[in-house]
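Everything below concerns the one structure shown next.
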Amino acid sequence: MKPPTLPTLLHIDSSPLYARSVSRELTAAFVLQWEASHPGGRVIYRDLNATAIPPVTADWVGAIYSPEEVRTPEQKELLSLSDSLLAELEQADEYVFGVPMHNFGVPAGLKLWIDQIARVGRTFTYADGTPKGLLVGKKATFVIATGGIYDAQTKMASFNFVEPYLRSVFGFLGVKDATFLTAGGTKVLSQGHDRNAFLAPHLQAVQMQANSLQGVAA
Ligand SMILES: Cc1cc2nc3c(=O)[nH]c(=O)nc-3n(C[C@H](O)[C@H](O)[C@H](O)COP(=O)(O)O)c2cc1C
(Lines give C-alpha, C1' and ligand atoms only; values in the text may rest on other atoms or scores of the structure.)
Protein backbone atom coordinates (compact mmCIF):
# COMPACT_ATOMS: atom_id res chain seq x y z
CA MET A 1 0.00 0.00 0.00
CA LYS A 2 1.22 3.51 -0.88
CA PRO A 3 2.29 5.43 2.25
CA PRO A 4 0.21 8.58 2.88
CA THR A 5 1.90 11.71 1.54
CA LEU A 6 2.77 14.41 4.03
CA PRO A 7 0.76 17.60 3.57
CA THR A 8 2.23 20.84 2.28
CA LEU A 9 1.08 24.29 3.38
CA LEU A 10 1.66 27.40 1.30
CA HIS A 11 1.97 30.46 3.58
CA ILE A 12 1.62 33.81 1.84
CA ASP A 13 1.91 37.21 3.53
CA SER A 14 1.25 40.55 1.89
CA SER A 15 1.41 43.24 4.58
CA PRO A 16 4.18 45.84 4.25
CA LEU A 17 4.13 46.44 8.01
CA TYR A 18 6.08 43.38 9.21
CA ALA A 19 6.46 43.57 13.06
CA ARG A 20 3.43 45.87 13.37
CA SER A 21 1.29 43.80 11.05
CA VAL A 22 -1.75 42.06 12.49
CA SER A 23 -2.22 39.71 9.53
CA ARG A 24 1.44 38.60 9.68
CA GLU A 25 1.25 37.88 13.40
CA LEU A 26 -1.92 35.84 12.89
CA THR A 27 -0.63 33.81 9.93
CA ALA A 28 2.58 33.10 11.90
CA ALA A 29 0.45 31.70 14.76
CA PHE A 30 -1.57 29.68 12.25
CA VAL A 31 1.62 28.16 10.81
CA LEU A 32 3.05 27.28 14.23
CA GLN A 33 -0.16 25.47 15.13
CA TRP A 34 -0.34 23.80 11.72
CA GLU A 35 3.24 22.50 12.10
CA ALA A 36 2.37 21.12 15.55
CA SER A 37 -0.70 19.32 14.23
CA HIS A 38 0.93 18.11 10.98
CA PRO A 39 4.23 16.55 12.08
CA GLY A 40 6.53 16.19 9.09
CA GLY A 41 4.38 18.56 7.01
CA ARG A 42 6.15 21.00 4.75
CA VAL A 43 5.65 24.76 4.67
CA ILE A 44 6.42 26.89 1.62
CA TYR A 45 6.68 30.60 2.42
CA ARG A 46 6.11 33.44 -0.02
CA ASP A 47 6.37 37.05 1.14
CA LEU A 48 4.66 39.19 -1.48
CA ASN A 49 6.14 42.30 0.03
CA ALA A 50 9.63 40.98 -0.68
CA THR A 51 8.88 39.60 -4.15
CA ALA A 52 9.17 41.94 -7.13
CA ILE A 53 6.16 41.05 -9.30
CA PRO A 54 5.84 43.05 -12.51
CA PRO A 55 2.43 44.02 -13.85
CA VAL A 56 1.01 42.14 -16.79
CA THR A 57 2.26 43.40 -20.18
CA ALA A 58 1.21 42.72 -23.79
CA ASP A 59 4.28 40.49 -24.26
CA TRP A 60 3.38 38.49 -21.14
CA VAL A 61 -0.18 37.98 -22.39
CA GLY A 62 1.22 36.94 -25.78
CA ALA A 63 3.45 34.40 -24.03
CA ILE A 64 0.68 32.77 -22.01
CA TYR A 65 -1.52 32.42 -25.08
CA SER A 66 1.30 30.86 -27.14
CA PRO A 67 1.19 27.07 -26.97
CA GLU A 68 3.98 25.81 -24.73
CA GLU A 69 5.76 23.91 -27.51
CA VAL A 70 6.21 27.03 -29.68
CA ARG A 71 7.20 29.52 -26.95
CA THR A 72 10.41 31.38 -27.65
CA PRO A 73 13.21 31.48 -25.04
CA GLU A 74 12.21 35.12 -24.34
CA GLN A 75 8.60 34.11 -23.75
CA LYS A 76 9.70 31.28 -21.43
CA GLU A 77 11.82 33.75 -19.49
CA LEU A 78 8.86 36.17 -19.26
CA LEU A 79 6.74 33.41 -17.70
CA SER A 80 9.39 32.05 -15.35
CA LEU A 81 8.21 33.94 -12.23
CA SER A 82 4.61 32.97 -12.95
CA ASP A 83 5.71 29.33 -13.39
CA SER A 84 7.51 29.36 -10.02
CA LEU A 85 4.51 30.91 -8.23
CA LEU A 86 2.20 28.36 -9.88
CA ALA A 87 4.44 25.48 -8.81
CA GLU A 88 4.12 26.62 -5.18
CA LEU A 89 0.32 26.66 -5.47
CA GLU A 90 0.17 23.29 -7.18
CA GLN A 91 2.54 21.58 -4.72
CA ALA A 92 0.58 22.73 -1.67
CA ASP A 93 -2.54 21.03 -0.31
CA GLU A 94 -3.49 23.93 1.93
CA TYR A 95 -3.03 27.68 1.77
CA VAL A 96 -2.95 30.41 4.39
CA PHE A 97 -2.96 34.03 3.26
CA GLY A 98 -2.35 37.12 5.38
CA VAL A 99 -4.29 39.97 3.80
CA PRO A 100 -4.37 43.58 5.02
CA MET A 101 -7.21 45.71 3.65
CA HIS A 102 -5.77 48.55 1.56
CA ASN A 103 -8.22 51.12 0.24
CA PHE A 104 -11.12 48.67 0.63
CA GLY A 105 -9.40 46.02 -1.47
CA VAL A 106 -6.43 43.65 -1.40
CA PRO A 107 -2.90 45.12 -1.36
CA ALA A 108 -1.31 45.75 -4.75
CA GLY A 109 1.30 43.01 -4.24
CA LEU A 110 -1.41 40.38 -3.75
CA LYS A 111 -3.28 41.60 -6.84
CA LEU A 112 -0.06 41.37 -8.89
CA TRP A 113 0.45 37.82 -7.59
CA ILE A 114 -3.14 36.88 -8.56
CA ASP A 115 -2.49 38.25 -12.06
CA GLN A 116 0.52 35.91 -12.31
CA ILE A 117 -1.24 32.76 -11.09
CA ALA A 118 -4.63 33.11 -12.84
CA ARG A 119 -3.49 31.40 -16.01
CA VAL A 120 -5.58 29.73 -18.66
CA GLY A 121 -4.71 26.06 -18.99
CA ARG A 122 -2.95 26.06 -15.62
CA THR A 123 -5.37 27.29 -12.95
CA PHE A 124 -8.55 27.55 -15.05
CA THR A 125 -9.82 26.36 -18.40
CA TYR A 126 -12.66 27.04 -20.81
CA ALA A 127 -11.95 23.73 -22.56
CA ASP A 128 -15.59 22.58 -22.69
CA GLY A 129 -17.01 26.07 -23.18
CA THR A 130 -17.67 26.79 -19.52
CA PRO A 131 -15.12 28.01 -16.97
CA LYS A 132 -13.59 25.32 -14.81
CA GLY A 133 -11.11 25.89 -11.97
CA LEU A 134 -8.09 23.60 -11.92
CA LEU A 135 -6.94 24.14 -8.31
CA VAL A 136 -9.11 21.34 -7.02
CA GLY A 137 -8.96 19.64 -3.62
CA LYS A 138 -7.19 22.59 -1.97
CA LYS A 139 -8.16 24.25 1.31
CA ALA A 140 -7.57 27.96 1.79
CA THR A 141 -7.66 30.11 4.91
CA PHE A 142 -7.66 33.88 4.46
CA VAL A 143 -6.63 35.92 7.50
CA ILE A 144 -7.75 39.48 6.84
CA ALA A 145 -6.94 42.57 8.92
CA THR A 146 -8.94 45.77 8.50
CA GLY A 147 -8.62 49.12 10.22
CA GLY A 148 -12.38 49.62 10.30
CA ILE A 149 -15.24 47.17 10.76
CA TYR A 150 -17.06 45.78 7.74
CA ASP A 151 -19.24 43.08 9.28
CA ALA A 152 -22.41 42.12 7.39
CA GLN A 153 -25.32 44.38 8.46
CA THR A 154 -22.98 47.31 9.22
CA LYS A 155 -23.25 50.37 7.00
CA MET A 156 -19.65 49.84 5.83
CA ALA A 157 -20.22 46.23 4.69
CA SER A 158 -20.60 47.22 1.02
CA PHE A 159 -17.13 48.83 1.10
CA ASN A 160 -15.46 45.47 1.74
CA PHE A 161 -13.99 44.32 -1.57
CA VAL A 162 -11.46 42.00 0.09
CA GLU A 163 -13.50 38.95 1.07
CA PRO A 164 -15.94 38.97 -1.89
CA TYR A 165 -13.05 39.41 -4.34
CA LEU A 166 -10.93 36.62 -2.86
CA ARG A 167 -13.94 34.31 -2.63
CA SER A 168 -14.78 34.93 -6.30
CA VAL A 169 -11.24 34.65 -7.68
CA PHE A 170 -10.30 31.53 -5.74
CA GLY A 171 -13.73 29.97 -6.35
CA PHE A 172 -13.19 30.58 -10.08
CA LEU A 173 -9.79 28.88 -9.84
CA GLY A 174 -11.38 25.83 -8.19
CA VAL A 175 -10.73 26.50 -4.50
CA LYS A 176 -14.19 25.92 -3.08
CA ASP A 177 -13.08 25.22 0.49
CA ALA A 178 -12.22 28.71 1.72
CA THR A 179 -12.37 30.02 5.28
CA PHE A 180 -12.27 33.73 6.03
CA LEU A 181 -11.10 34.95 9.44
CA THR A 182 -11.17 38.70 9.89
CA ALA A 183 -9.54 40.84 12.56
CA GLY A 184 -11.67 43.96 12.11
CA GLY A 185 -11.09 47.31 13.78
CA THR A 186 -7.28 47.21 14.08
CA LYS A 187 -7.24 51.03 14.15
CA VAL A 188 -7.81 50.84 17.93
CA LEU A 189 -4.18 49.65 18.16
CA SER A 190 -2.99 53.10 17.16
CA GLN A 191 -5.31 54.63 19.74
CA GLY A 192 -3.63 53.02 22.74
CA HIS A 193 -5.65 49.76 22.87
CA ASP A 194 -3.73 46.79 24.33
CA ARG A 195 -2.38 44.71 21.42
CA ASN A 196 -2.38 41.39 23.28
CA ALA A 197 -5.98 41.87 24.41
CA PHE A 198 -7.02 42.79 20.85
CA LEU A 199 -5.21 39.84 19.29
CA ALA A 200 -6.21 37.14 21.81
CA PRO A 201 -9.55 36.09 20.24
CA HIS A 202 -8.08 36.23 16.72
CA LEU A 203 -5.06 34.13 17.73
CA GLN A 204 -7.45 31.59 19.18
CA ALA A 205 -9.52 31.57 15.97
CA VAL A 206 -6.51 31.00 13.67
CA GLN A 207 -5.10 28.29 15.94
CA MET A 208 -8.46 26.49 15.98
CA GLN A 209 -8.64 26.73 12.21
CA ALA A 210 -5.09 25.32 11.78
CA ASN A 211 -5.99 22.46 14.12
CA SER A 212 -9.26 21.74 12.35
CA LEU A 213 -7.34 21.06 9.15
CA GLN A 214 -5.53 18.19 10.86
CA GLY A 215 -5.14 15.22 8.63
CA VAL A 216 -7.06 16.63 5.64
CA ALA A 217 -4.28 16.07 3.15
CA ALA A 218 -2.62 13.04 4.67
C1 LIG B 1 -2.13 51.84 2.53
C2 LIG B 1 -3.20 51.47 3.53
C3 LIG B 1 -4.53 51.53 3.16
C4 LIG B 1 -5.50 51.18 4.10
N5 LIG B 1 -6.82 51.20 3.71
C6 LIG B 1 -7.78 50.84 4.59
C7 LIG B 1 -9.15 50.81 4.21
O8 LIG B 1 -9.53 51.10 3.09
N9 LIG B 1 -10.05 50.45 5.15
C10 LIG B 1 -9.69 50.10 6.41
O11 LIG B 1 -10.56 49.77 7.20
N12 LIG B 1 -8.41 50.09 6.79
C13 LIG B 1 -7.46 50.46 5.91
N14 LIG B 1 -6.14 50.44 6.29
C15 LIG B 1 -5.79 49.95 7.63
C16 LIG B 1 -5.39 48.47 7.55
O17 LIG B 1 -6.41 47.69 6.97
C18 LIG B 1 -5.08 47.97 8.93
O19 LIG B 1 -3.98 48.71 9.43
C20 LIG B 1 -4.77 46.49 8.98
O21 LIG B 1 -4.38 46.15 10.29
C22 LIG B 1 -3.69 46.13 7.98
O23 LIG B 1 -3.22 44.81 8.14
P24 LIG B 1 -1.74 44.56 8.69
O25 LIG B 1 -1.78 45.04 10.12
O26 LIG B 1 -1.54 43.10 8.58
O27 LIG B 1 -0.83 45.36 7.83
C28 LIG B 1 -5.14 50.78 5.40
C29 LIG B 1 -3.78 50.72 5.74
C30 LIG B 1 -2.82 51.06 4.83
C31 LIG B 1 -1.37 51.00 5.24
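Counting starts at 1 for both ligands and their atoms, in listed order.
The ring-ring contact (aromatic ring centres under 6.0 Å, His included) search around Phe159 returns Phe104, not counting sequence neighbours.
Surrounding CZ of Arg195 are more than 12 heavy atoms belonging to other residues, nucleotides or ligands, all under 6.0 Å away.
Remark: minimum distance from atom 21 (O) of ligand 1 to any protein heavy atom is reached at Thr186 OG1, 2.7 Å. Of the protein's non-hydrogen atoms, the one nearest atom 28 (C) of ligand 1 is Met101 O, 3.4 Å. The shortest contact between atom 2 (C) of ligand 1 and any protein heavy atom is with His102 CD2, 3.4 Å. Pro100 CB, 3.4 Å is the protein heavy atom nearest to atom 22 (C) of ligand 1. Among all non-hydrogen protein atoms, the one lying nearest atom 27 (O) of ligand 1 is Ser15 OG, 2.6 Å.
In this pair, His202 and Phe198 present their aromatic rings tilted. The plane angle is within the 30 to 60° band. Using bins of under 30°, 30° to 60° and over 60° for the plane-to-plane angle, the ring pair Trp113/Phe97 lands in the perpendicular bin.
Ligand-side atoms of ligand 1 in range of Ala145: 17 (O), 20 (C), 21 (O), 22 (C), 23 (O), range being under 4.0 angstrom from any heavy atom. Interface of Asn103 with ligand 1, defined as ligand atoms under 4.0 Å from a residue heavy atom, comprises 3 (C), 4 (C), 5 (N), 6 (C), 7 (C), 8 (O). Less than 4.0 angstrom separates some heavy atom of Thr146 from each of these atoms of ligand 1: 17 (O). For ligand 1 and Leu17, the ligand atoms under 4.0 Å from any heavy atom of the residue are 27 (O). Listed by number with element, the atoms of ligand 1 under 4.0 Å from a non-hydrogen atom of Gly148 are 10 (C), 11 (O).
Checked for salt-bridge contact, Asp83 and Arg119 meet the test: a charged N lies under 4.0 Å from a carboxylate O.
Atom 8 (O) of ligand 1 has its nearest heavy-atom neighbour, among Phe159, Phe104, Tyr18, in Phe104. Of the listed residues (Gly147, Ser23, Ser14), the one carrying the non-hydrogen atom nearest atom 12 (N) of ligand 1 is Gly147.
Looking at Tyr150 against ligand 1, only its side chain comes within 4.0 Å, counting heavy atoms. By the criterion of a heavy-atom distance under 4.0 Å, both the backbone and the side chain of Val22 are placed next to ligand 1.
Counting only N and O atoms by type, the side chains of Asp128 and Thr130 include a donor and acceptor under 3.5 Å apart.
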Distance-only criterion, 3.5 Å: show the donor-acceptor pairs between side-chain atoms of residues 172-181 and protein atoms not counting sequence neighbours.
{"unit_1": "Lys176", "atom_1": "NZ", "unit_2": "Gly171", "atom_2": "O", "d": "2.9"}
{"unit_1": "Asp177", "atom_1": "OD2", "unit_2": "Lys139", "atom_2": "NZ", "d": "2.7"}
{"unit_1": "Thr179", "atom_1": "OG1", "unit_2": "Gln209", "atom_2": "NE2", "d": "3.4"}

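With Arg24 contributing its side chain and Gly98 its backbone, the two residues share no donor-acceptor pair below 3.5 Å.
One distance of note links CG of Leu48 with CG of Leu112; it measures 9.0 Å at 0.5 Å rounding.
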